[in-house]
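Inspection log for the structure reproduced underneath, given as structure tokens.
The first residue of the sequence shown is numbered 1, and numbering continues consecutively from there.
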Amino acid sequence: YAAMQAGVKGSRAVLAVITGPCVDNDSDANPVENAYFSRSMCCNELRWARESGVPIIPLVRAEDKKKIFDFVQLAPEDLRDLINEDFIHVDRSTRSDMDHGAGKVIERFKRVASVGSDVGTRTLPPLKGAAAAEAAAEAEQSEVVRAIQREIDEEKKKAKKDYKRLKALTADLKVQVEWEVQTLQPLRAALAAAEEEADFDLCVELQEQIGCMQSPLEKAAAAEAAAAAEAAA
């Protein structure tokens with residue numbers, strides 16, 4: 001236990017391969033017990049990393065990228081904000097796909113762990129260029145997710161919970177996360193890359209496209225407001 005804790009705290013980054021419920025043919029355990037966040041030591045490693053300022057790089061298989069929300073819901077409450085992290089998707093279908101995924105992991109490691117070796121006193125250097133734009137985009141896009149998650153957490157703390165509201169909030173959170181991961185994040189990444197390449201014409205185009213976008217939740221709210229206004233007229 002102590003050796004594992006020291007190993008995490010002495011690392012330059014922690015790569016967390018997040019998995020969901022699965023069957024282990026060598027064990028009679030419930031599939032849920034085999035999920036990453038059901039393993040107490042896996043969760044402790046993430047906590048130790050946070051305590052020591054060690055960056056966490058979350059990773060999922062490409063076929064699981066639409067299940068990230070469900071996987072993170074299995075996490076202890078203090079680790080559920082990992083949903084706001086940019087998960088790397090690795091496709092293991094072919095050698096070239098696997099090499100591409102490994103390359104993404106290496107590039108992320110270089111970005112988050114490019115610091116000295118003085119563990120415990122390190123501070124990450126300020127991000128520049130595309131990295132800074134990407135980080136700012138992630139912080140902005142995840143605010144809606146964090147707001148919904150806060151509502152869920154507050155509802156769960158009540159002695160008498162409104163389970164219908166919890167169901168609705170959980171569904172909203174899943175919709176928002178999937179939209180951000182599949183639609184918004186790729187556009188923001190493209191914007192960051194265009195800025196890095198000084199392709200400002202493309203930046204303008206992408207920025208306008210992002211500015212005009214509405215998430216499914218925003219579209220539903222706008223339609224509801226329009227219907228209410230029409231009914232009141």
task = For a salt bridge (charged side-chain N to carboxylate O under 4.0 Å, His left out) with E155, tell me which candidate from R165, K167, K161 qualifies.
result = R165
ask   = How far apart are the C-alpha atoms of W48 and V54, what are their side-chain angles, what is the distance that settles it, and do they pass the side chain to side chain contact (heavy atoms under 4.5 Å, CB included) test?
value = CA-CA 8 Å; W48 295 331; V54 176; over 6 Å; no
message = Donor-acceptor check, side chain of K104 to backbone of H89, threshold 3.5 angstrom: yes or no?
response = yes
ask   = Counting N and O atoms only, with roles assigned by atom type, does the side chain of S38 sit under 3.5 Å from a partner on the main chain of N34, one being a donor and the other an acceptor?
value = no
Would [X] and [Y] pass as an ion pair if we require N to O under 4.0 Å?
{"X": "K67", "Y": "D70", "result": "no"}
{"X": "R150", "Y": "D81", "result": "no"}
{"X": "R80", "Y": "E77", "result": "no"}
{"X": "R108", "Y": "D86", "result": "yes"}

query = Is there a side chain to side chain contact (heavy atoms under 4.5 Å, CB included) between Y36 and L46 once you walk through the steps?
reply = CA-CA 11 Å; Y36 181 92; L46 297 182; 3.7 Å; yes
query = What is the distance from atom CG of L79 to atom CG of L74, rounded to the nearest 0.5 Å?
reply = 12.0 Å
[X] vs [Y] side-chain heavy atoms within contact, under 4.5 Å:
{"X": "I56", "Y": "R50", "answer": "yes"}
{"X": "I152", "Y": "L173", "answer": "yes"}
{"X": "P31", "Y": "C22", "answer": "no"}

request  = Kindly give the heavy-atom pair with the smallest separation between W179 and M213, and that separation in Å.
outcome  = CZ2-CE, 3.6 Å
F71 to F37 - nearest heavy-atom pair and separation = O-CD1, 3.4 Å
Under 6.0 Å from the [atom1] atom of [X], do we count more than 12 heavy atoms belonging to anything else shown?
{"X": "R47", "atom1": "CZ", "answer": "yes"}
{"X": "M98", "atom1": "CE", "answer": "no"}
{"X": "Q207", "atom1": "CD", "answer": "no"}
{"X": "K158", "atom1": "NZ", "answer": "yes"}

key: Verdict with supporting geometry, V72 and I18, side chain to side chain contact (heavy atoms under 4.5 Å, CB included)   = CA-CA 9 Å; V72 177; I18 310 298; 5.6 Å; no
Do [X] and [Y] have a side chain donor and acceptor closer than 3.5 Å?
{"X": "Q149", "Y": "D153", "result": "yes"}
{"X": "Q209", "Y": "E205", "result": "no"}
{"X": "S96", "Y": "D99", "result": "no"}

task = Scan for salt bridge (Lys or Arg N to Asp or Glu O under 4.0 Å) pairs involving residues 216-233, sequence neighbours excluded, and state none if there are none.
result = none
message = Membership question, hydrophobic clusters at under 4.5 Å side-chain separation (ILVMFWY): are V8 and M41 in the same one?
response = yes
key: Common cluster, F200/L202, ILVMFWY with side-chain heavy-atom separation under 4.5 Å   = no
